[in-house]
Amino acid sequence: PPAHSRNDWIGPPDKHSNLRPVIFYVPPEESHLERRLREARQEAQACNQHFWARHNCAFRQEKEEFIYSRLKAKGLEMRDETGQKATLNAEEMADFYKDFLSKNFRKHMQYNRDWYKRNFTITFLMGQVALARALRWLRWKKKNVGN
């Protein structure tokens, strides 16, 4: 981002996680509380990036293996005679999706628990930052009205 920017910058989706990375704006006079909020947001982003990159990689790999094994069982190749990638029908793929979700249920539950904890912390810190800014503004207003 340009040096004069006063906003967070959001990039294009990551090819592994499909999440859009954020470059967080750091104000020159960032308070301790604002820094804690930014760091909590950065940590949440890093954890989400890590989880979804691993999850999506496993998903793609297991999906390819599933398709390959089903096609092989039918006596088919990965590509048809025209060179097109062979596919399975929706019902067969539904079996894969169901199995994949069942197999990863505990991982998803743990991710959701962690995600809620992080978001609660971020929301709590956002409230504290908003309150601190409001109080700072009121003190500034009172000081300037008295002059």
Side-chain angles (χ1 to χ4, degrees), residues 1-72 78-80 83-147:
H4 65 279
S5 174
R6 301 190 73 227
N7 299 302
D8 296 340
W9 279 65
I10 301 171
D14 179 79
K15 68 180 183 177
H16 301 290
S17 69
N18 292 325
L19 299 178
R20 296 171 63 112
V22 179
I23 298 173
F24 293 93
Y25 170 67
V26 181
E29 296 178 13
E30 182 179 50
S31 71
H32 173 72
L33 198 53
E34 290 169 328
R35 188 183 86 245
R36 281 182 53 205
L37 171 60
R38 178 178 49 80
E39 288 172 349
R41 292 176 66 207
Q42 288 171 321
E43 179 188 344
Q45 177 186 343
C47 289
N48 288 337
Q49 171 68 27
H50 180 72
F51 175 84
W52 287 108
R54 278 191 4 240
H55 178 274
N56 292 345
C57 180
F59 176 84
R60 283 189 286 272
Q61 182 178 345
E62 290 181 35
K63 182 180 169 187
E64 285 299 314
E65 290 169 1
F66 176 84
I67 292 171
Y68 177 77
S69 68
R70 287 286 174 106
L71 290 173
K72 188 175 178 181
M78 287 297 283
R79 301 218 175 254
D80 65 15
Q84 292 278 352
K85 194 171 186 178
T87 59
L88 300 175
N89 65 39
E91 290 171 7
E92 290 172 304
M93 289 310 298
D95 291 338
F96 166 74
Y97 298 132
K98 180 179 178 259
D99 290 343
F100 185 83
L101 288 174
S102 294
K103 189 169 71 174
N104 289 283
F105 179 78
R106 288 192 193 283
K107 286 181 192 175
H108 285 184
M109 289 300 291
Q110 185 61 49
Y111 169 79
N112 284 339
R113 277 189 216 103
D114 292 345
W115 186 83
Y116 278 112
K117 285 179 196 174
R118 280 189 189 85
N119 279 310
F120 178 79
T121 300
I122 289 168
T123 302
F124 182 73
L125 287 170
M126 288 175 82
Q128 288 182 310
V129 166
L131 180 61
R133 286 177 181 168
L135 292 173
R136 192 179 327 134
W137 182 80
L138 287 173
R139 281 193 295 268
W140 177 83
K141 187 96 167 147
K142 185 177 179 182
K143 179 180 157 186
N144 286 337
V145 169
N147 289 335

**Study point:** Between CH2 on residue W115 and SG on residue C47, distance to nearest 0.5 Å
**Key:** 13.5 Å
**Study point:** Exceeds 12 heavy-atom contacts within 6.0 angstrom, atom CZ of R118
**Key:** yes
Review point. Shortest non-hydrogen contact from F100 to E62?
Key: CD1-OE1, 3.3 Å
Point to revise | salt bridge (Lys or Arg N to Asp or Glu O under 4.0 Å): pairs with one or both residues in residues 8-26, sequence neighbours excluded | key: D8-R41
Exercise for review: Go through the structure and list residues passing side-chain contact (heavy atoms from CB on, under 4.5 Å) with H108, not counting sequence neighbours.
Suggested key: F51, H55, L101, N104
Check your understanding: Is it the case that R54 and H50 place a side-chain donor and acceptor less than 3.5 Å from each other?
Key -> yes
Check your understanding: Of the non-hydrogen atoms in I122 and L37, which two are nearest, and what is the gap between them?
Key -> O-CD1, 3.7 Å
Point to revise | Residue from R139, K141, R133 passing side chain to side chain contact (heavy atoms under 4.5 Å, CB included) with W137 | key: K141
Practice item. Of all the heavy-atom pairs spanning T87 and L71, show the shortest one and how long it is. Key: O-CD2, 4.3 Å
Check your understanding: More than 12 non-hydrogen atoms from neighbouring residues, nucleotides or ligands closer than 6.0 Å to CZ on F24, yes or no?
Key -> yes
Practice item. Kindly indicate, with the supporting measurements, whether the criterion side chain to side chain contact (heavy atoms under 4.5 Å, CB included) is fulfilled by L125 and Q128. Key: CA-CA 5 Å; L125 287 170; Q128 288 182 310; 3.4 Å; yes
Exercise for review: Considering non-hydrogen atoms only, spot the tightest contact between A132 and L33 and give its length.
Suggested key: CB-CD2, 4.4 Å
Check your understanding: Which distance, rounded to the nearest 0.5 Å, do you find between the CD of Q42 and the CD1 of I23?
Key -> 10.5 Å
Review point. With no hydrogens and no angle check, is any side-chain donor or acceptor of E92 less than 3.5 Å from a backbone partner on N89?
Key: yes
Study note, to complete from the structure: Closest non-hydrogen atoms of R38 and Y25, given as atom of the first, atom of the second and distance, are CD-O, 3.8 Å
Exercise for review: With sequence neighbours left out, write down each residue that passes salt bridge (Lys or Arg N to Asp or Glu O under 4.0 Å) with K107, or none if nothing qualifies.
Suggested key: none
Check your understanding: Closest approach of S17 and A53, non-hydrogen atoms and distance?
Key -> CB-N, 3.7 Å
Review point. From K72 NZ over to E65 CD, what is the distance, rounded to the nearest 0.5 angstrom?
Key: 12.5 Å
Check your understanding: With sequence neighbours left out, what residues match R136 under salt bridge (Lys or Arg N to Asp or Glu O under 4.0 Å)?
Key -> none
Check your understanding: Is the closest side-chain heavy-atom distance between M93 and F96 below 4.5 Å?
Key -> yes
Exercise for review: List for me each residue that meets side-chain contact (heavy atoms from CB on, under 4.5 Å) alongside L131, sequence neighbours excluded, and say none if there are none.
Suggested key: L135
**Study point:** For Q45, side chain to side chain donor-acceptor pair (under 3.5 Å) partners two or more places apart
**Key:** none
Point to revise | Y97 atom OH, neighbour heavy-atom count above 12 within 6.0 Å | key: yes
Point to revise | F66-F59 aromatic ring centre distance below 6.0 Å | key: no
Revision key, fill the gap. CG of N18 to CD of Q49, rounded to nearest 0.5 Å, is 9.5 Å
